[in-house]
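Below is one structure; the comments refer to it alone.
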Number of protein chains: 2
Amino acid sequence: MQHPPSAAAPTAETASSPSRSVTLKDVARVAGLSPITVSRALNTPQLVRPATVARVREAVELTGYIPNLLAGGLASKRSRLVAAIVPQLFNAMFVETVQGLGDQLAAHGYQLLLSLSGYSPLHEGELVSAILSRKPDGIVLTGINHAAETRKRLLSANIPVVETWDLTPTPIDMLVGFSHQKIGETIARHLYGKGYRRFGLVWADDERAAVRRSGLEAILNEFGTSVIADYIVPTPATLALGRQGLQGLLESGTSFDVIVCSSDALAQGVMTEAQVRGIDVPGELAIMGFGDLDFAAHTVPPISSVHIDKRAIGIQAANALLARIEGRPLQKKIIDVGFELVERQTT
Amino acid sequence: MQHPPSAAAPTAETASSPSRSVTLKDVARVAGLSPITVSRALNTPQLVRPATVARVREAVELTGYIPNLLAGGLASKRSRLVAAIVPQLFNAMFVETVQGLGDQLAAHGYQLLLSLSGYSPLHEGELVSAILSRKPDGIVLTGINHAAETRKRLLSANIPVVETWDLTPTPIDMLVGFSHQKIGETIARHLYGKGYRRFGLVWADDERAAVRRSGLEAILNEFGTSVIADYIVPTPATLALGRQGLQGLLESGTSFDVIVCSSDALAQGVMTEAQVRGIDVPGELAIMGFGDLDFAAHTVPPISSVHIDKRAIGIQAANALLARIEGRPLQKKIIDVGFELVERQTT
DNA sequence: TACAAAAATGATTGCGCTACCATTTGTTGG
DNA sequence: CCAACAAATGGTAGCGCAATCATTTTTGTA
């Protein structure tokens with residue numbers, strides 16, 4: 001299975017130059033056709049006689065030709081590239097969306113340029129410029145709050161944009177997400193309905209989480225109660241921060257009957273800390289998560305959470321983009337994938 | 001902070017054509033310089049008078065110029081793009097590596113093209129071709145087992161390649177990883193040393209996991225014992241599969257004193273199932289994971305695992321690539337990031 | 001068989017940028 | 001004050017491909 005250094009690769013060009021890469025012209029020469037016909041045979045085979053296509057395929061095989069998409073993109077103004085900006089990947093939330101997006105794009109011959117913004121909207125502007133310089137056919141953003149500069153650049157780039165993981169009546173272009181406000185409200189109603197009154201929060205310092213909180217508090221206020229205390233953690237939220245959170249809240253001396261967390265990771269952390277301290281969940285303390293990550297259903301006891309179809313967000317975003325890129329009519333500019341409160345055994 | 005829709009963007013081109021994008025030539029005209037000088041001012045400012053650079057910067061600002069890297073890459077043969085192929089992102093293992101890689105690359109002005117291979121080496125060949133057609137300056141691969149076709153293509157593309165997450169004396173080019181064999185051996189010694197004799201496995205159907213298993217079994221054999229039974233699960237490994245795994249093993253009627261899992265997710269699943277069934281961990285049954293994911297230290301009881309510096313793999317891979325791209329000498333072609341068995345309370 | 005229409009193929013040009021070499025401008029010392 | 005050189009700027013060409021229009025070949029029909 002070793003390749004002896006003496007034997008040159010059999011498919012290498014015959015030219016003496018040290019491996020100048022194979023171009024369309026080389027394939028054309030081998031196939032006895034013009035370069036443009038080869039180009040067509042590869043990109044729009046329906047415009048070329050089947051026999052010719054076969055001849056081209058052979059020549060491609062023989063030469064080991066790999067098209068240069070930089071050149072192709074420059075000439076055709078279509079890069080077959082879609083860029084996505086995600087705060088970070090640690091946060092398992094976005095991973096499924098990226099995976100769905102990537103899978104769906106790949107299935108349609110597009111590639112994914114992934115950028116990690118690290119939750120900093122200031123940095124996002126430069127990021128967008130860097131991305132636009134690759135001339136992507138579309139862009140997927142996380143969230144709806146972008147610097148004015150970012151919006152302007154995106155708008156003037158004149159390419160399809162999908163914002164995700166949030167909801168607004170005025171997206172830059174298209175949107176796939178859900179209402180954080182409503183989730184907060186739903187959580188409040190659920191917990192109040194189950195009789196919980198003394199609310200503690202372990203909450204990430206994140207803008208979408210803040211919206212969920214405002215929904216939660218709005219309804220609690222309606223019911224004449226409110227959040228007693230909160231413990232704010234930096235992003236990305238981890239189990240360790242969840243444990244710290246409960247610790248912090250308990251040290252404040254107040255007593256709670258439920259801790260609401262801005263993510264399942266924090267919730268699991270809170271639960272771990274409760275167990276370590278011998279606090280019965282949900283008997284003495286109820287816990288509520290968000291995101292319905294893989295583990296939420298498989299802890300002991302399983303964590304009540306809010307399910308989001310994270311993968312669907314990615315797939316729908318891809319579909320919206322592909323439709324626009326390929327000029328197909330778009331049913332809706334705004335897709336609400338909704339959510340579902342999943343009651344398990346911690347509430 | 002709103003931009004009134006009446007006022008046309010002040011930076012828009014004066015041309016009447018519907019937003020033809022701004023090119024280097026436009027900037028040059030505005031700055032009263034030749035295009036090539038503008039190019040230099042942006043790419044190699046040290047070759048241009050500071051006053052001229054400033055003039056160019058102004059013109060860029062004024063015109064809202066965004067370079068076209070397709071054209072730039074085509075002309076210069078440097079794309080400032082690095083491609084990475086990862087089996088999948090669900091598997092939290094690779095996420096940190098991708099994040100480290102992305103961060104480090106971004107810090108050096110490179111962007112990340114992410115491809116998900118879905119664990120299928122057959123598909124990897126096409127993937128590599130698709131990637132090479134973007135003319136990346138470097139490629140990061142997961143694992144060391146690649147189709148012969150893939151190797152050939154990579155070799156003839158003549159760009160730096162880093163293989164990761166495994167170890168071999170004969171990488172395609174460079175490598176950042178660790179020895180799965182040794183991990184298996186280390187686990188076996190640890191568990192045997194603690195007195196465990198009746199080994200059950202809940203194991204993912206994954207080639208690197210298979211190597212860890214072979215290390216484990218080799219040492220167990222040396223000690224005159226062996227794995228009693230295994231339960232093989234498909235990738236990606238999830239908590240639910242871990243639970244199924246324990247269930248499957250218990251139903252076989254055999255009794256175990258330790259279950260070794262090919263990942264922490266499976267281990268947590270096994271532990272959950274054990275707790276649900278009232279099996280004391282580690283009293284009646286010990287559990288061993290792999291990967292030392294975030295949660296491993298924060299379950300009750302915390303899971304013994306093998307720590308891998310996953311983020312470092314990404315960062316070192318980026319560094320190796322950057323060194324080669326920028327022509328700096330490379331200390332080592334093979335970087336072993338090692339591992340560390342972390343004994344917690346499940347063994 | 002002839003002729004129009006359709007299908008298939010080809011030639012030219014330019015996408016936006018940088019490499020390469022040529023030219024101009026500025027600087028130094030005799 | 002002017003060589004002699006370095007620093008700064010410019011002109012030309014071409015990276016590899018596809019859009020556009022032109023030409024050739026094939027097909028169907030009277």
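Within every chain, numbering begins at 1; the chains are lettered A, B, ... in the order of the sequence lines, protein sequences first and strands thereafter. Side chains are part of it too, since the values below use all heavy atoms of this structure and drop only hydrogens, waters and symmetry mates.
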What integer distance in Å separates A/I36:CD1 from D/dC21:P? 14 Å

Just to be sure I understand the rule, does A/P35 reach a base, reach only the sugar-phosphate, or reach nothing, if contact means heavy atoms closer than 4.0 Å? nothing

For atom CZ of B/R40 and atom P of D/dA7, their distance in whole Å: 14 Å

OG (A/S79) and CD (A/Q111) are apart, to the nearest 0.5 Å, by 9.5 Å

Does any donor-acceptor pair link the side chain of B/R49 with the base of C/dG26 at a separation under 3.5 Å? no

In this structure, how many angstroms lie between the C1' atom of C/dA19 and the CG atom of B/L42, rounded? 17 Å

Rounded to the Å, how far apart are A/R29 CZ and C/dG10 P? 15 Å

Please report the distance, rounded to the nearest Å, between CZ in B/R78 and P in C/dC17. 17 Å

Donor-acceptor side-chain pairing of B/E326 and B/H108 below 3.5 angstrom: no

Counting any heavy atom closer than 4.0 Å, what does A/L24 reach on the DNA or RNA strands: base, sugar-phosphate only, or nothing? sugar-phosphate

With nearest nucleotide decided by heavy atoms, which residue, B/S76 or B/G32, maps closer to the 5′ end of DNA chain D? B/G32

For C/dT18, take OP1 and OP2 only and decide whether either is under 4.0 Å from a side-chain N or O of B/S39. yes

Is B/D137 salt-bridged to B/R80, cutoff N-O under 4.0 Å? no

Ion pair present between A/E149 and A/R153, side-chain N to carboxylate O less than 4.0 angstrom? yes

Within this structure, what is the CG-to-C1' distance between B/L47 and D/dA7, rounded to whole angstrom? 10 Å

Roughly how far, to the nearest 0.5 Å, is CG of A/L155 from CZ of A/R151? 7.0 Å

Could you state the CD-P distance from B/Q46 to D/dA7, rounded to the nearest angstrom? 13 Å

Ranking A/T37 and A/K77 by the position along DNA chain C of their nearest nucleotide, the one closer to 5' is A/T37

Rounded to the Å, how far apart are A/N68 CG and C/dC15 P? 18 Å

Assign each of A/G73 and B/T52 to its nearest nucleotide of DNA chain D by heavy atoms, then name whichever residue's nucleotide is nearer the 5' end. B/T52

